[in-house]
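Presented below is the structure to which this report refers.
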Amino acid sequence: MKTIAVLAGDGIGQEIVREALKVLSVLKLDLEMHEALVGGSAYDVHGHPLPASTLELAMKSDAVLFGAVGDWKYDKLDRPLRPEQAILGLRKNMGLFANFRPAICYPQLVGASSLKNELIAGLDILIIRELTGDIYFGQPRGQRVATDGHFPGAPEAFDTMRYSRPEIERIAHVAFQAAQKRSKRLTSVDKANVLETSQFWRDVVIQVSAQYPDVALDHMYVDNAAMQLVKEPKKFDVLVTGNLFGDILSDEAAMLTGSIGMLPSASLNANNQGLYEPSHGSAPDIAGQGIANPLATILSAAMMLKFSLQEPQAALLIEEAVSSVLQAGLRTGDIFSEGCTRVNTQEMGDAVAKALSGLVKSGV
Ligand code: IPM
Ligand code: MG
């Protein structure tokens, strides 16, 4: 029996996680689900976005299925109480240092991208983002209080970009091993022409590369990588980068595929315990309307089966069910194009569940 913490969160989180659970239930696996509040909805009830009970549940589960957190209405709270702190706290406390963000262009959705079809048809890249270090967590950080004691009048604010050798080594190993399973090419992205942290990153990655002579390593500055991603995205295969650059490049890569509503992600620690969440956010502007695309969350559940629950076959079935539903022309609003059938969140979840149940019955 495996246990899963289900943290749906805010905004569209509830709607999309519901559909992922529906799809998982078709597989009749021996899974125990425990739901808990996180983000703004936890703040509303417990006064904190990551209550101790939620963190404890997540830490003792085999995996966390996460929806999304955040809403503009919490923007005025002190930073430690904002919904985003919940996901940062889960990453840090669970040691989820390795973030996998695949950007795959489904053949049926080529037309949904803002780039020319030939640039993105067949696109399949993997961004590996370091997730628990860098300027996100470096100390010291803060605003110097102005002499009058007011933050808005502060003369200066600062964050610290910092990486330790073991932090770079472990993410480099993860990246080289991922590249070994794919095309054996790895691009490490940094800003070594300007930043000490980046030069150090580059040196450590080069040292680790000695253990992976079968993988061709190259290095790219982050500004160039941002440009190459829209110029010629298919020349990449696996990219590895730090927390901040990875945050930015993974949104860019996601959008190449047409919709960020399609892309799953996995964040793993050293024990393969993982948190699985769609790459998109809580989208408060469309929350409660039942129109969000649940596919990124459904595909995140598939990654969970593969990485943390040792059910790779079940994961493949979910991916196949999603493909067949797209092939049948079903589209939520974000990926809709002429000639397709527009469906809502629930109808999309139902369709994937039905396709999956067909695949399970036919014993594929
Ligand atoms: C992401 C998000 C988060 C991040 C926010 C919500 C803290 O943008 O997962 O990419 O910056 O890591
Ligand atoms: Mg982001």
Side-chain angles (χ1 to χ4, degrees), residues 7-13 16-17 37-43 48-50 54-55 58 64-103 125-138 141 159-163 167 171 189 222 225-226 229 239-257 259-269 274-285 287 292-293 296-297 299-300 303-304:
L7 311 182
D10 309 323
I12 58 171
I16 52 179
V17 166
L37 293 174
V38 75
S41 46
Y43 173 79
H48 196 279
L50 182 58
T54 300
L55 178 59
V64 179
L65 185 62
F66 193 89
V69 289
D71 191 304
W72 303 303
K73 72 178 180 203
Y74 303 106
D75 281 358
K76 293 229 153 51
L77 288 176
D78 285 346
R79 187 173 302 284
L81 296 178
R82 289 196 207 157
E84 292 77 9
Q85 292 303 311
I87 185 69
L88 295 174
L90 283 164
R91 289 171 183 170
K92 195 68 180 168
N93 282 289
M94 296 176 72
L96 304 169
F97 70 91
N99 183 217
F100 287 71
R101 297 196 168 183
I125 61 184
L126 173 63
I127 296 191
I128 298 183
R129 168 186 176 195
E130 197 292 327
L131 205 55
T132 53
D134 202 354
I135 199 165
Y136 269 57
F137 294 99
R141 57 181 283 158
D159 299 274
T160 303
M161 184 175 259
R162 165 175 268 147
Y163 264 120
E167 282 176 321
I171 194 71
V189 176
V222 62
L229 269 174
L239 290 100
V240 63
T241 189
N243 205 345
L244 180 64
F245 299 156
D247 179 44
I248 300 164
L249 293 183
S250 62
D251 262 28
E252 187 189 4
M255 211 52 218
L256 298 176
T257 69
S259 170
I260 199 166
M262 292 298 300
L263 296 178
S265 79
S267 307
L268 303 178
N269 66 17
L275 181 147
Y276 300 84
E277 57 173 327
S279 285
H280 59 71
S282 57
D285 52 328
N293 184 348
T297 316
L299 292 165
S300 299
M303 286 186 103
M304 173 172 85

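One-based numbering, in listed order, for ligands and for the atoms of each. Note that the coordinates shown come from a computational prediction; the quantities given were computed from them, not determined experimentally.
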| field | Pairs flagged by salt bridge (Lys or Arg N to Asp or Glu O under 4.0 Å) wherever residues 74-85 is involved - sequence neighbours left out | value |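 Qualifying pairs, neighbours excluded: none.
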| field | side chain to side chain donor-acceptor pair (under 3.5 Å) partners of Y43, counting only residues at least two apart | value |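 Side chain to side chain donor-acceptor pair (under 3.5 Å) list for Y43, sorted by chain: empty.
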Hey, does the side chain of [X] reach the backbone of [Y] with a donor-acceptor pair shorter than 3.5 angstrom?
{"X": "T54", "Y": "L50", "value": "no"}
{"X": "Y74", "Y": "G40", "value": "yes"}
{"X": "R162", "Y": "D134", "value": "no"}

| Tell me: protein heavy atom nearest atom 11 (O) of ligand 1, and distance? | Y136 OH, 2.5 Å
| query | Please state which protein non-hydrogen atom is closest to atom 10 (O) of ligand 1 and give its distance, to 0.1 Å? | reply |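 Result: D247 OD1, 2.9 Å.
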| field | Structural part of R91 in contact with ligand 1, heavy atom criterion under 4.0 angstrom | value |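 Under 4.0 Å from ligand 1, R91 contributes side-chain atoms alone.
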| Does any N, O or S atom of D247, backbone or side chain, fall under 2.8 Å from the Mg ion (ligand 2)? | yes
| query | Would you call N293 and H280 a side-chain contact if the rule is heavy atoms closer than 4.5 Å? | reply |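 Counting from C-beta outward, N293 and H280 never come under 4.5 Å.
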| query | What atoms in ligand 1 come closer than 4.0 Å to a heavy atom of R129? | reply | 1 (C), 4 (C), 9 (O), 10 (O), 11 (O), 12 (O)
| task | Taking only heavy atoms of R101 into account, list the atoms of ligand 1 that are under 4.0 Å away from them. | result | 1 (C), 9 (O), 10 (O)
| query | Is any N or O atom of E84, backbone or side chain, closer than 3.5 Å to an N or O atom of ligand 1? | reply |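 So ligand 1 has no N or O lying under 3.5 Å from an N or O of E84.
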| field | Protein non-hydrogen atom found under 4.0 Å from atom 4 (C) of ligand 1 | value | yes
